[in-house]
Amino acid sequence: MSELVRLTDITKVYQGGVTGALNGVSLAIEEGEFTAIMGPSGSGKSTLLNLVAGLDRPSSGSVTVAGSDLGRLSETGLARFRRDRIGFVFQFFHLLPNLTALENVLIPARLKSRVSAESAGRALMSRLGIGEVADRYPSRLSGGQQQRVAVARALINQPTLLLADEPTGALDTKSGDQVMALFAELHQEGQTIVLVTHDPKLATRYAARVISMLDGRVIDDARLETTERKPADVIRVRSEEPSR
Amino acid sequence: MTAILVKALADLRRRRVQAAVIFLTVLLAMATGTMALTLMSQTRDPYQAAFEAQKGAHLQVEFKASTDPQLLATTPAIIGASAAGGPYPATSLQFKHGGQSFYVQTFGRDSAGGDVEVLNVTAGHWPRANDEIVLTRSFAELNNVSIGDTIKVVSVPAQSTLKVVGEVVDIDEGSADLSSQHAWVLKGAVPALTTPGLSTYLMDYRFPADPTSSQLQGYVDRLRASLPPGSITASINYLLIRSIFNITNQIITGVLSAFSVFALAATIAIMATLVTGIVISAFREIGIMKAVGFTPAGVIGVFALQVIIPALAACLIGIPAGTILSQPLLANSSHALGLPYMPSFSLGLDLLLLVGGLVVVSLAATLPALRAGLLKPITAITIATAPRGRSGGWLRRQAARLRLPQPIVLGIGDAFARPLRAALTLVTVLLGVATVVVAIGLPRSFQLINNSETGAGNYQVVINRSNALPDAEVMRILNAQPETARVVALDGENIAVPGISDPVNSRIFRGDSSKLAYMVIAGRWFSGPGEVLAPAGFLHDTHLKIGDTFTGSLDGQALQLRVVGEVYDISNLGHELFMDYATLPPNTPNSDPSTYWVTLRPGSDLNAYIQRVAGTQPDLLDVHPNNTSLIGPVKIIDSVLLVLAVVLFLIGVGGIFNTLLLNTRERIQDTATLKAVGMSPRQVIVMVAASAGLLALVAGLMAMPVGLYLHHLLNDVVSTSTGNDTPPSVYDVFNLFELMAIPLLGVAVAIVASLLPGRWAARTNVIEVLHAE
Ligand SMILES: Nc1ncnc2c1ncn2[C@@H]1O[C@H](COP(=O)(O)OP(=O)(O)OP(=O)(O)O)[C@@H](O)[C@H]1O
Ligand SMILES: [Mg+2]
């Protein structure tokens, strides 16, 4: 397995932020890994994920993904990087309301090339169990369906890296489980996935590696040999959380 | 109330750009509207005032020199005139000044005062000696003649010089750029200046009340009946002079008011769009406002005030600005009337405009804000923004089918996502483009008319002969020049026509006049004696149509005339006749042509020709290049149109800018998402530009027929007010390329206007926007 992501000594201070959102984070992610990032609210999980996605730039340190140093890319370069390399799934789906499900799925493909990706899009949607709703507008889909449309949109360009920030956070348990099962399946097929969650059960059930964060630092990085959980470690981390 | 104002002002600060758009568009609309109304209300009065002050003549009649002055003295009583001036002996005087030759009808008159036609001496003094002359100020200004200048009289064999000692304003004639002019000498100076056979008497009449057109006609008919046949050679009444005087302002005010209505409509559309847009994007805020205790009226107030405050500021500046901007045109009018220029405006009118402007603005702002007032707080808070329609899907699919790039597909889909907003935007852009079409077309139409009236490209040299040089001699000189290709000689006569009070000015052509560029609207050019053409005004007033015959009278002799065509000519507001020289009875006195239009062979040297011909008879021939430049009033109208086009164009740009701003602000979430999934900043800009481009394209395509129709309509208005029908060729001034290029140019401008909102959208900070969930 080769290295896909490398973060070196990353700090991130938001404008107007009193303390850093990230304070010296270094880590590497291998190709094919299913990594979960855990931590309490405000610990810097989303910030970290956004940096890997090329949605934001660190205050210091470097981010290298699939051999390209994101710090050297222009805004346009970053956009192209996101389009070609990254699939991003948000907590709140972020589908364009005036586009049909299929049109939403096809956006990254159409941004990339004018060759029609419609059949590929429909095939992908069928695989994700949303083939029948392809021509509906998001407002007529359930939350679970909407999130699967978002996943399809993230996958349409066959990204090197699938990033998901609390993808089940806005879903009921059943829909959440379906989405997570989908992720597991994708991982089986070799997709590299980084998942942000603060649900330890989810993290340990699906991910082979759990990175725990607190106050902008990585406080634990546990590689689980199997997907069989070793909950004690994780729960220990949670119990250490200082009361805020 | 303070809470509402405080909130409105705070929001205003937040929406500075939109406030600026409102301010500018309202400013432009109010300024043009004020100009239109100020001109309309102020122009009629000065003429009336000057007419009273100078005891203007309701009727001026010219009599043959052989008429007994004793008899003329009895004419006021015959027609019941309350005051009369004259008989003034008159003659046509030709003189040279600064190398140019001029004709003025010169009257013998011993003082500027009197009971009728008081001449307002604006500079210098009235003649005190027989070698002194006064000219109209209009003539002096147009031709650069100054007091103290010496002019050389060339119309009589015994050449003499006269000294210009004064300039006067005469309320009883039009301005020099539209009409021929009068001049005055002492009565005793007339005999020596008179060309035998070219002298007349002038009588001025004033009536107790302003007579109507038909009353005036009755007076002339009565005079004609009580004097020997052929005694009346010409007459003119105050109605015609007033129309000539007012026509420019009339057209300008007409054009200005029509387009001010447009400007106002476009502005209202922008305001309504903006308020609706603000309300839509502020649903959650509205909910919170209501939750903290704003009443529905208060909420409406907050939203309406955001637009009313900049609009009020714009009114407060725009109305005085419009009043000030109308002053040069008004000053122009009072100058022409010899009135001292006084800033003329009406405070009442301006206040009325202010109130009217505020009412319109308030309605435009309040009606769309009602929605905010009526919103239920809970709905408002939970849905945050008004749901957006799904429209645009069809357009998007068509665009996708064409394999257009995704940003363009998305932009096109967005253009009509809010149908009401899109419709209002279309209105603003449509009005702008339509006005541009008119501003391009109308000057071209005027140019065509001007070309036909001035013979541009048709004949290059104009020659006038002194009466001391016989016609045959002039023709011999001209025919001896190798460059002479064609000579059309002109004579002017006044022919009395039943149904028209004043004898009709007639242009009598000798030579191949069919080759002249006069625009024949219906029928054909005359091809033999007795055939005449006339403009619509003449045909209308005489109830004649093509094919009809009538009997005119010239110098007491009957002329059998047949109308064979309708021609375009603005002189005397369409009271003109065109005919061949052969139509005149052979014994008509002084009917030898004295003007010659010469067409040169291609490649001839114009200046060499002029110098050579002038050199043959330096004193008796006036030779100059044909002056084909536009007359002053047309230039003014052209520039007013240009200003209006710029104004409406800017308002249109403001409209599209405003809509794009609302669209991009509203869609910031979508833009952030698109950027997150890989849309580059350039692609965001392209997306916004595509939206703008489509709106402008649709508006532009709809604007073309509207613009062409308006162009048609305004041509008709101008033609009608000058006593004509519009020649078909005058409508037809656009080529196919332009008809396509104008909307495309609109698209280009809209795309440029979209760059700013596009750049703002492109700079959307994905993290911040998506984090703000
Ligand atoms: N755009 C921003 N501007 C300013 N501060 C921010 C911004 N985004 C995040 N922060 C701050 O940075 C810190 C880390 O936030 P981040 O969103 O990465 O945490 P998180 O672990 O994802 O939390 P959560 O579980 O609530 O999503 C927090 O203190 C947060 O308030
Ligand atoms: Mg987060």
Could you tell me whether the side chain of A/Arg80 and the main chain of B/Ser680 form a donor-acceptor pair under 3.5 Å? no
Under 4.5 Å heavy-atom distance to chain B, tell me which part of A/Thr47 shows up: side chain, backbone, both or neither. neither
What part of A/Ile86 is in contact with chain B, defined as an atom under 4.5 angstrom from a non-hydrogen atom: side chain, backbone, both or neither? neither
By a 4.5 Å heavy-atom criterion (distance strictly below it), what part of A/Arg85 contacts chain B: side chain, backbone, both, or neither? neither
Identify which of B/Ala672, B/Ala676, B/Pro681 forms the greatest number of heavy-atom pairs closer than 4.5 Å to chain A. B/Ala676
Measure distances from B/Ala400 to the heavy atoms of chain A and classify the residue's part below 4.5 Å as side chain, backbone, both or neither. side chain
Flag the pair B/Asp670 / A/Pro97 as yes when at least one side-chain heavy-atom distance between them is below 4.5 Å, and no otherwise. yes
Region of A/Phe81 in contact with chain B, defined by heavy-atom distances below 4.5 Å: neither
Please tell me if the side chains of A/Gln15 and B/Asn765 come closer than 4.5 Å, counting only heavy atoms from C-beta onward. no
Test item: A/Ser116 and B/Arg403 side chains (from C-beta on) under 4.5 Å apart, heavy atoms: yes
Measure distances from B/Leu410 to the heavy atoms of chain A and classify the residue's part below 4.5 Å as side chain, backbone, both or neither. side chain
Side chain, backbone, both or neither: which part of A/Leu99 has a non-hydrogen atom closer than 4.5 Å to chain B? both
B/Arg396 side chain vs A/Asn98 backbone, donor-acceptor pair below 3.5 Å: yes
Could you check whether atom CD of B/Gln398 has more than 12 heavy atoms from other residues, nucleotides or ligands sitting under 6.0 Å from it? yes
Heavy-atom side-chain contact between B/Arg397 and A/Glu103 under 4.5 Å: yes
B/Arg14 CZ: over 12 foreign heavy atoms closer than 6.0 Å: yes
Looking at chain B, which one of A/Leu95, A/Leu78, A/Leu96 has the largest number of heavy-atom pairs inside 4.5 Å, strictly under? A/Leu96
Looking at A/Arg114 and B/Leu404, what are the two nearest heavy atoms and their distance? CD-C, 4.1 Å
Chain B: which of A/Asn50, A/Thr76, A/Thr100, A/Leu55 shares the most heavy-atom pairs with it under 4.5 Å? A/Leu55
Looking only at A/Asp56, A/Leu106, A/Ile107, the option with the highest number of non-hydrogen pairs under 4.5 Å against chain B is A/Ile107
Side chain / backbone / both / neither for B/Val766 at chain A, heavy atoms under 4.5 Å: side chain
To the nearest 0.5 Å, what is the distance between CZ on A/Arg82 and NZ on B/Lys675? 6.5 Å
